[in-house]
Amino acid sequence: MAKLEEISEEIQRIKKNISTYEKLRNTCLKLSVYYYREGNTVMNDCMKLRLSKIKSRLYNLHSELIPIEKERLQLLNQQPKIIIRETITLKIKNYESWMH
């Protein structure tokens, strides 16, 4: 169970990093378009370089995520299936006053 929690935390960390890098990628794309329209080729080339680094990092994060998720699924499948049934009984003292 501790291993499953550890894996789930690792998955959450990787997904958070992926989200952050995707936001950064979108910002770099917007800046690249802006610099292209302004005619600033030096900054446009800089943004393209950053975009390529961000894309490779995103690819690495996705590649890192896939085996961890597979391991998590295997651990979930190994756990015994537990079905919990609860019976709830309501004890109402003043039935008439409650209904009216």
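Worth knowing before you read on, the calculation uses all heavy atoms, side chains too, and leaves out hydrogens, waters and symmetry mates. All figures in this text were calculated on a predicted structure; none of them were measured in a lab.
Checked against side-chain hydrogen bond (donor to acceptor under 3.5 Å, both in side chains), Glu10 has the following partners two or more places apart in sequence or in another chain: Arg13.
Taking CD of Gln78 as the start and CG of Leu73 as the end, the distance is 11.0 Å to the nearest 0.5 Å. The distance from the CZ atom of Arg57 to the OG atom of Ser52 is 14.5 Å, given to the nearest 0.5 Å. Separation of atoms CG (Asn26) and NZ (Lys30) is listed at 6.5 Å; rounding is to 0.5 Å. Atom CG of Leu65 and atom CG of Asn17 lie 10.5 Å apart (nearest 0.5 Å). How far OG of Ser56 is from NZ of Lys53: 9.0 Å, rounded to the nearest 0.5 Å. Put simply, OH on Tyr59 and NE2 on His62 are 11.0 Å apart, with the number rounded to the nearest 0.5 Å.
The hydrophobic clustering, which links ILVMFWY residues whose side-chain heavy atoms are closer than 4.5 Å, places Ile14 and Leu58 together. No single ILVMFWY cluster, assembled from side-chain heavy atoms under 4.5 Å apart, contains both Leu29 and Met47. No single ILVMFWY cluster, assembled from side-chain heavy atoms under 4.5 Å apart, contains both Tyr36 and Leu31. Under a hydrophobic clustering in which Ile, Leu, Val, Met, Phe, Trp and Tyr are joined whenever their side-chain heavy atoms come within less than 4.5 Å, directly or via other members, Leu24 and Leu49 fall into different clusters.
With hydrogens and angles ignored, the 3.5 Å screen pairs a side-chain donor or acceptor of Thr27 with a backbone N or O of Lys23.
Between Leu61 and Ile18, the shortest heavy-atom contact is CB-CG1, 3.7 Å. Contact between Tyr35 and Asn44 at its shortest, heavy atoms only, is CB-N, 3.9 Å. Across Ser63 and Pro67, no two heavy atoms sit closer than the pair O-CD, 3.0 Å. Looking at every heavy atom in both residues, Ser8 comes nearest to Arg72 through OG-NE, 3.6 Å.
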